[in-house]
Number of protein chains: 2
Amino acid sequence: MRDVALAAGVSQATVSNAYTGSGRLSPGRREHVFAVARELGYPGPSGAGRSLRTGRSGAVGVMVTDALTFALEDAAAVELLRGIAAVGEAREVALTLLPFPVGVDEAAAVAASIRRGVVDGFLVWSMPDGHPAVEAAAARREPMVLIDGPRLDGVPLVGVDDEAAAREAGAAVLAGGPGGRRGVAAVASDSGPGRVAAGPGGGRRQVPGLSAGGRGQVAAGPAGEADGRQRVAVLVDRLSPDGHTGRVDAARLRAARDQVARERVAGFLAACDAAGAEATVIEAGGFSPRDFRAAASAALEINGVDAIFAATDAVALAALAELSERGVDVPGQVAVLGFDGTAEAARVGLSTVDQPLVEKGSHAMRMLLAAIEHEDPESLLLPTRLELRATT
Amino acid sequence: MRDVALAAGVSQATVSNAYTGSGRLSPGRREHVFAVARELGYPGPSGAGRSLRTGRSGAVGVMVTDALTFALEDAAAVELLRGIAAVGEAREVALTLLPFPVGVDEAAAVAASIRRGVVDGFLVWSMPDGHPAVEAAAARREPMVLIDGPRLDGVPLVGVDDEAAAREAGAAVLAGGPGGRRGVAAVASDSGPGRVAAGPGGGRRQVPGLSAGGRGQVAAGPAGEADGRQRVAVLVDRLSPDGHTGRVDAARLRAARDQVARERVAGFLAACDAAGAEATVIEAGGFSPRDFRAAASAALEINGVDAIFAATDAVALAALAELSERGVDVPGQVAVLGFDGTAEAARVGLSTVDQPLVEKGSHAMRMLLAAIEHEDPESLLLPTRLELRATT
DNA sequence: CTGAAAGCGCTTACAG
DNA sequence: CTGAAAGCGCTTACAG
């Protein structure tokens, strides 16, 4: 910039003003500056210099789950990202997807990685409690907004009441469905190719009014089919990032570091408890479809299992694939319930708890931008809606 | 950092060395520095300062299509991003999704937006020729790798031969399918819930050996069903970013600024031409499912249309939804062919040209990182594979 | 409307 | 193993 100023016969301040377009420059001079810059091959002001000087980078750091690659396999994460991106685009803020060493628990290495990011604030989605990357971000003392988890004192959060939503959804399935709240099954969705997976039992449900009382109302039907399910497998992707796979006991659940997973499982268990159904919690231990399939497979080894409550749609969809491959009738033999309300769930007729994912992202992003402008955004709890479709 | 140095009784260089972990510091001193930093509330070295000093930011700028929000609705873009992210994660490089004013053609505003990014290089996917954001990025003279398009002299590119792949796929469909290359239809895919959309005509195809000769071999079947399709609607999301919607003439196609769209359409048309089938090109003019549905609807108004060749899976899936809603038999009355090979296409049994999207992303990212290290990566053409499934 | 000056926060080459 | 010094590229408050 100094060279351009020299060559153009103006001060460096004038070159800067030409680019920032502050209007503090006569058009003629401005054009002249640009012409000289072009001639010298000056690429325009460097972002690094401007960031250092202004204290603003125009980017926010985004951390999704603890492995970006897996997040991009999860439709729920992508929908959330879409909400974030929409606001970013409108406000011309870049989204910096931050990397950190995966599987490494060395706090120093993770912290260093987070520190490298040139960002004005952080958006954190669904990271485990105490994750070093979150702590490193918090230590930066830059604005931060949490989505779903972890919960951090004094840091605004956007979320839903996962525990209550899971509890109510579980209760509804165990009771045979609450009156009037179910979605329309076996009908083409608007955005997809219109294929709906209605199993043979897809149309059978109790008359709404009759099922309100809770469990014990077993519908007449072929072998094992019942709306009052008795043995539930609760499937969860991960409760804590320690590689555990398979059955989960009460102590492990209590100590779970994944806020959302913990709450949803707790909600499902409360529903089972209230309905007198037996529940087994099985943890996939990872986020790949293969992990999910293995967990579903383990669930089906439970003697007499007649319902699967999955902590996310992704897990539920993998369970459906496993059931389909084994020729198990859904929901005749096994009911399946998801959580998230992804587009894919609607497409295949998966019963689920719908949460406004795109809005979650856009709200969080707006809150973060407000915080960057030194406003003081408040935490926000969004509503959920139970969508009973063909799999329950 | 100066304050920490002062308080710790060391030089600023020593504080810096403590954080960069260069090992040029005795452990005792290092711990002491950290302790003082904690006490003073020093959040660690700022990324902006380090970026300015080292000339590296540790982030690469990513531009996908010309609206991030739409890109995140497209499974193909997300798969590509996953490839990029996997390499970024492994090499600890952040991905900065760059925003630019959408729908604004004011080059100066777009350029300013791109310049703000603190990045070490650019990854560009599927932007229109001459887009001001790409030109602004190129003007920065930082390393750049193009994915699919635009083509820029001297800038390495990762892509496939879209024209040839589309031509061969179109020819195969018009001829009734080449022997031995079709996928397995009506079988559960591995990763999805296993629902496959086999229309009533899903199983009918010519015996491979008989159909090799090309058109004119009309299979016996109900009304209008034929493997030698006669009237093809070629559906494309967008040829140029000017809002055009509906039929496309030769001049518009020739002038198309979206490299990939242009090539795929040209390939489909060449196939129709060779097979003596009549073809009409229809442009959706945007990237939303609604745009795609409208284009599909327009296609179905073509008298006697018996095949839809879509330039992307996303468009083909929207067409399938439209056909399903109208009760049109696929492929009995209308065959549908996509392009991209997304997971969703496999799930619903859509015939498509499969391209290695994840690898495309990971290759491009590796090439960019090599370019940043002053290596000189070469352009790369990846293979495609025709997947004939239930919709043709 | 334009310029001179200061300083944002760091890292590194060099010297000891 | 540690320190003194320089400078990365910019923008802005101030003066004229």
Side-chain angles (χ1 to χ4, degrees), chain A residues 1-34 36-37 40-59 111-120 139-142, chain B residues 1-34 36-37 40-59 111-120 139-142:
Chain A
M1 190 178 263
R2 199 189 332 112
D3 294 344
V4 173
L6 241 45
V10 298
S11 74
Q12 194 182 321
T14 297
V15 177
S16 174
N17 280 324
Y19 280 99
T20 49
S22 57
R24 308 174 58 184
L25 213 57
S26 53
R29 254 197 180 337
R30 188 166 188 231
E31 256 325 306
H32 177 231
V33 166
F34 286 155
V36 171
L40 296 188
Y42 173 66
S46 112
R50 118 110 54 97
S51 287
L52 181 56
R53 173 62 226 228
T54 62
R56 283 290 170 85
S57 72
S113 185
I114 291 304
R115 254 199 319 266
R116 265 193 288 277
V118 185
V119 298
D120 300 330
R140 293 235 67 148
R141 296 160 178 283
E142 280 172 17
Chain B
M1 192 178 263
R2 196 185 338 109
D3 294 344
V4 173
L6 240 45
V10 299
S11 75
Q12 196 182 318
T14 297
V15 177
S16 175
N17 280 325
Y19 280 99
T20 50
S22 58
R24 307 174 59 186
L25 211 57
S26 52
R29 255 199 181 335
R30 189 165 186 230
E31 256 325 307
H32 176 230
V33 166
F34 287 155
V36 172
L40 295 187
Y42 173 66
S46 112
R50 119 110 53 97
S51 287
L52 180 58
R53 172 63 225 230
T54 62
R56 284 289 171 84
S57 73
S113 184
I114 291 304
R115 254 198 319 267
R116 265 194 287 276
V118 186
V119 298
D120 299 330
R140 293 236 67 149
R141 296 161 176 283
E142 279 172 18

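Note on naming: letters A, B, ... go to the chains in the order of the sequence lines (proteins, then strands), and numbering restarts at 1 for each one. The basis for the numbers below is simple: all heavy atoms, side chains too, and nothing from hydrogens, waters or symmetry mates.
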Sugar-phosphate, base or nothing in reach of B/G44, heavy atoms under 4.0 Å: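 Sugar-phosphate, backbone atoms only, no base.
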Rounded to whole angstrom units, what separation is found between the [atom1] atom of [X] and the [atom2] atom of [N]?
X: B/E142; N: D/dG9; atom1: CD; atom2: C1'; value: 13 Å
X: B/R56; N: C/dT11; atom1: CZ; atom2: C1'; value: 14 Å
X: B/L6; N: D/dG3; atom1: CG; atom2: P; value: 12 Å
X: B/N17; N: D/dA4; atom1: CG; atom2: P; value: 14 Å
X: B/L52; N: C/dT12; atom1: CG; atom2: P; value: 13 Å
X: A/D3; N: D/dC10; atom1: CG; atom2: C1'; value: 14 Å
X: A/Q12; N: D/dG9; atom1: CD; atom2: P; value: 10 Å
X: B/M1; N: D/dA6; atom1: CE; atom2: P; value: 19 Å

Which atom of A/F34 lies closest to which atom of A/A18, heavy atoms considered: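 Of all heavy-atom pairs spanning A/F34 and A/A18, the closest is CZ-O, 3.5 Å.
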OP1 or OP2 of [N] less than 4.0 angstrom from a side-chain nitrogen or oxygen of [X], does that happen here?
X: B/T54; N: D/dC8; value: no
X: A/R2; N: D/dG9; value: no
X: A/Y42; N: D/dC10; value: yes
X: B/S16; N: C/dT11; value: yes

Base paired to D/dA13 (Watson-Crick or G-U; both N/O distances under 3.5 angstrom):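 By the stated definition (distances under 3.5 Å), nothing pairs with D/dA13.
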Which listed nucleotide ([options]) is nearest to the side chain of [X]?
X: B/A13; options: C/dC8, C/dT12, D/dC10; value: C/dT12
X: B/T20; options: C/dT11, C/dT12, D/dC10; value: C/dT11
X: B/S11; options: C/dC10, D/dG3, C/dA4; value: D/dG3
X: A/R53; options: C/dT11, D/dC10, C/dA4; value: D/dC10
X: A/P45; options: C/dT2, D/dC10, C/dA4; value: D/dC10
X: A/R50; options: D/dC10, C/dA4, D/dT2; value: D/dC10

Can you tell me how far apart [atom1] ([X]) and [atom2] ([Y]) are? Round to the nearest 0.5 Å.
X: B/R140; Y: A/S46; atom1: CZ; atom2: OG; result: 6.5 Å
X: A/R29; Y: A/N17; atom1: CZ; atom2: CG; result: 11.5 Å
X: B/M1; Y: B/T14; atom1: CE; atom2: OG1; result: 10.5 Å

N/O donor-acceptor pair under 3.5 Å between B/S57 side chain and B/V118 backbone: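 Judged by distance alone, yes, a pair lies under 3.5 Å.
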